[in-house]
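Heads up: the structure comes next, in structure tokens.
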Amino acid sequence: KKGRVSLLMRELGRMDAEQRKTVGARLNELKDALNGRVSERKTALENAALDARLATEKLDVSLPVRPQGAGAIHPVSQVFDELLAVFAEMGFALAEGPDIEADWYNFTALNFPPGHPARELHDTFFLEAEDEKEHLPYVLRTHTSPVQIRTMVSEKPPIRIIAPGRVYRCDWDATHTPMFHQVEGLVIDKSTHMGHLKGCLIEFVQSFFEVDDVEARFRPHFFPFTEPSAEMDVRCDRSGPELKVGQGSDWLEILGSGMVHPKVIANCGLDPDEYQGFAFGMGVDRLAMLKYGMSDLRPYFEADMRWLKHFGFKPTMVPNLATGLS
């Protein structure tokens with residue numbers, strides 16, 4: 001306030017109109033010029049301070065991880081990596097898609113008829129924006145099956161993909177959350193049959209649960225996008241504190257599967273008389289619960305460091321079939 005320019009500005013009131021106009025303009029030019037120089041100098045000093053800080057704060061990333069400061073891999077991320085390792089060994093490629101989907105990809109192309117319960121507000125999150133072609137609202141995808149549709153539309157068979165990702169449904173309790181994780185698989189070619197599906201899934205269960213032998217049963221079920229459809233159960237033992245797959249007298253549902261419905265193949269522009277295939281899907285969060293003994297899904301998303309420290313995995317434990325998934 002007592003700077004030289006401010007003091008000169010105060011003198012304007014004592015000048016006549018013509019002089020005030022001329023001097024005022026020149027003082028404003030001077031003020032702008034000084035502000036510009038101050039700003040430039042401030043920026044230069046800040047950059048110099050940042051350069052000096054960067055020069056002194058160096059981190060050698062080649063050093064080994066310090067145990068006391070190491071983070072932990074979330075069980076869901078760990079299981080995702082385990083699943084990808086298993087299916088990559090079988091020759092499946094990774095495919096991904098958007099979380100916000102058009103109704104056609106999420107429902108119509110997958111043979112969901114109008115009025116299906118999955119299209120209701122109690123099950124699906126609808127968005128205000130509309131698809132320009134069908135004039136139907138976009139949704140937060142309720143499964144990763146739209147990735148299968150996008151792949152069949154854009155690629156020519158043979159197709160063998162695995163599609164992991166987040167999905168969304170209106171649900172919240174110990175075994176259901178509004179956002180959860182799924183992984184789905186799809187095989188399309190000219191000769192795939194139900195026997196290939198069963199062999200693929202049995203091998204997956206053996207590899208994932210790291211057991212030598214698995215007894216499985218496939219129960220008839222209904223899914224709009226597969227025909228025939230089946231849910232897969234595996235023999236297990238629940239008598240102790242840990243789930244033991246491959247032994248005992250109990251049965252555990254693992255996933256849903258089936259042969260891709262001819263209408264779904266046709267909706268993607270392929271000839272169902274020439275191509276066929278199978279698809280399957282499973283909940284990643286539930287697989288983590290079963291394999292690692294977690295009884296409640298909700299702590300997955302509560303950011304409790306004590307829980308993560310207990311159930312988390314070391315960053316250096318990269319799953320692979322050669323040394324063991326877990």
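Every value quoted in this text rests on a predicted model; they were computed, and no experiment measured them.
Residues Met194 and Met232 fall within the same hydrophobic cluster, defined by Ile, Leu, Val, Met, Phe, Trp and Tyr side chains chained together at heavy-atom separations under 4.5 Å. Hydrophobic clustering places Trp104 together with Leu186 (ILVMFWY residues linked when any side-chain heavy atoms are closer than 4.5 Å, directly or through intermediates). In the hydrophobic cluster analysis, where Ile, Leu, Val, Met, Phe, Trp and Tyr join through side-chain heavy atoms closer than 4.5 angstrom, Phe204 is grouped together with Leu252. Val284 and Val167 fall into different hydrophobic clusters, where Ile, Leu, Val, Met, Phe, Trp and Tyr side chains are chained together by heavy-atom contacts under 4.5 Å. Criterion: ILVMFWY side-chain heavy atoms under 4.5 Å apart, direct or through other members. Under it, Leu110 and Phe222 are not part of a common hydrophobic cluster.
Between Phe125 and Thr142, the closest side-chain pair of non-hydrogen atoms is not below 4.5 Å. For the pair Asp233/Arg219, a side-chain contact is recorded, criterion being any heavy-atom separation below 4.5 Å from C-beta on. Annotation: side chain of Leu94 is not in contact with side chain of Ile161 (no heavy-atom distance under 4.5 Å). The shortest side-chain heavy-atom distance between Val234 and Ile202 does not fall under the 4.5 Å cut-off. With a 4.5 Å cut-off on side-chain heavy atoms, Thr144 and His181 do not count as touching. Arg41 places a side-chain heavy atom less than 4.5 Å from the side chain of Leu45. Between Phe208 and Leu287 there is a side-chain heavy-atom pair separated by less than 4.5 Å. In this structure the side chain of Phe225 reaches within 4.5 angstrom of the side chain of Phe112, judged on heavy atoms.
Minimum interatomic distance between His261 and Pro224 (heavy atoms only, all atoms of both residues): CD2-O, 3.8 Å. Residues Gly97 and Val147 share a closest heavy-atom pair of N-CG2, 3.7 Å. Residues Ser257 and Phe280 come closest through the heavy atom pair CB-CB, 3.8 Å. Closest approach of Leu84 and Pro164 over heavy atoms only: CD2-CG, 4.2 Å. In terms of heavy atoms, His193 sits closest to Phe278 at O-CD2, 4.3 Å. Leu197 and Ala279 make their closest contact through CD1-O, 4.3 Å (heavy atoms, listed as atom of the first residue, atom of the second, distance).
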Inset, instruction - Check the pair Glu29, Arg26 against salt bridge (Lys or Arg N to Asp or Glu O under 4.0 Å), reporting the backbone distance first and the verdict last. - result: CA-CA 5 Å; Glu29 291 176 2; Arg26 296 183 64 183; 6.0 Å; no
Inset, instruction - Decide side-chain contact (heavy atoms from CB on, under 4.5 Å) for Lys156 and Tyr275; before the verdict, give the C-alpha distance in whole Å, the side-chain angles of both, and the deciding distance to 0.1 Å. - result: CA-CA 11 Å; Lys156 185 177 180 180; Tyr275 294 107; 4.3 Å; yes
Legend entry - From CA spacing to verdict: side-chain hydrogen bond (donor to acceptor under 3.5 Å, both in side chains), Tyr300, Asp285: CA-CA 8 Å; Tyr300 281 34; Asp285 309 302; 5.6 Å; no
Inset, instruction - Walk me through it: do Ile188 and Met152 pass the test side-chain contact (heavy atoms from CB on, under 4.5 Å)? - result: CA-CA 8 Å; Ile188 298 290; Met152 285 191 281; 3.9 Å; yes
Inset, instruction - Quick one: do Met259 and Glu227 satisfy side-chain contact (heavy atoms from CB on, under 4.5 Å)? Show the steps, please. - result: CA-CA 5 Å; Met259 301 300 294; Glu227 179 59 38; over 6 Å; no
Legend entry - Test log, rule salt bridge (Lys or Arg N to Asp or Glu O under 4.0 Å), inputs Glu101 and Arg141: CA-CA 6 Å; Glu101 273 292 7; Arg141 65 181 182 184; 5.7 Å; no
Legend entry - Step-by-step side-chain contact (heavy atoms from CB on, under 4.5 Å) determination, Met15 to Val23: CA-CA 9 Å; Met15 301 177 185; Val23 176; 3.9 Å; yes
Inset, instruction - Would you please test Ser145 and Glu184 for side-chain hydrogen bond (donor to acceptor under 3.5 Å, both in side chains) and show each step? - result: CA-CA 7 Å; Ser145 300; Glu184 298 191 11; 2.6 Å; yes
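A salt bridge links Glu210 with Lys291; the closest basic N to acidic carboxylate O contact falls under 4.0 Å.
Formation of a donor-acceptor pair under 3.5 Å by the Ser39 side chain with backbone atoms of Asn35 is not found in this model. Not one N or O on the side chain of Asn320 forms a donor-acceptor pair closer than 3.5 Å with the backbone of Ala85. Remark: side-chain polar atoms of Asp237 are not paired, donor with acceptor, to backbone N or O of Gly248 under 3.5 angstrom. Side-chain atoms of Thr22 do not come within 3.5 Å of backbone N or O of Gln19 as any donor-acceptor pair. Side-chain atoms of Asn106 never come within 3.5 Å of backbone atoms of Ala102 as a donor-acceptor pair (strictly under, hydrogens ignored). Side chain of Arg238 to main chain of Leu243: no donor-acceptor pair is present (N/O by atom type, distance under 3.5 Å, no hydrogens or angles). Ser207 places a side-chain N or O within 3.5 Å of a backbone atom of Glu203 that can act as its donor or acceptor partner. Using a distance-only test at 3.5 Å, with no hydrogens or angles considered, a donor-acceptor pair links the side chain of Thr177 to the main chain of Met179.
A distance of 12.5 Å separates NZ of Lys21 from CG of Asp16, quoted to the nearest 0.5 Å. Arg235 CZ to Asp213 CG: the interatomic distance, rounded to the nearest 0.5 Å, is 11.0 Å. Taking CD of Glu82 as the reference point, atom CG of Leu321 lies at 10.0 Å (rounded to 0.5 Å). Expressed to the nearest 0.5 Å, how far CZ of Arg37 lies from CD of Glu40 amounts to 6.5 Å. For the atom pair NE2 of His310 and CE of Met294, the computed distance is 9.0 Å after rounding to the nearest 0.5 Å. Thr108 OG1 to Leu136 CG: the interatomic distance, rounded to the nearest 0.5 Å, is 6.5 Å.
If you run ring-ring contact (aromatic ring centres under 6.0 Å, His included) between His74 and each of Phe301, Phe80, Phe313, Trp307, only Trp307 comes through.
Annotation: Glu89, atom CD; neighbour count of heavy atoms from other residues, nucleotides and ligands within 6.0 Å does not exceed 12. Heavy atoms from other residues, nucleotides or ligands lying under 6.0 Å from CZ of Arg166 number 12 at most. The environment of CG in Leu12 is crowded: more than 12 heavy-atom neighbours from other residues, nucleotides or ligands sit within 6.0 Å. No more than 12 heavy atoms of other residues, nucleotides or ligands lie within 6.0 Å of CD in Glu18, so this atom counts as exposed by the packing criterion.
Geometrically, Arg169 does not engage Phe180 in a cation-pi contact, judged by NZ or CZ lying under 6.0 Å from the ring centre and within 45° of the ring axis.
Ring to ring, Phe311 and Tyr292 are not that close: their centroids are 6.0 angstrom or more apart.
The aromatic rings of Phe87 and Phe92 lie perpendicular to each other, with more than 60° between the two planes, well past the 30° mark.
Side-chain contact of Tyr138 with Asp103: a donor-acceptor pair under 3.5 Å is absent, judged by distance alone. Side-chain atoms of Thr192 and Gln276 form no donor-acceptor pair, as typed in the model, at a separation below 3.5 Å.
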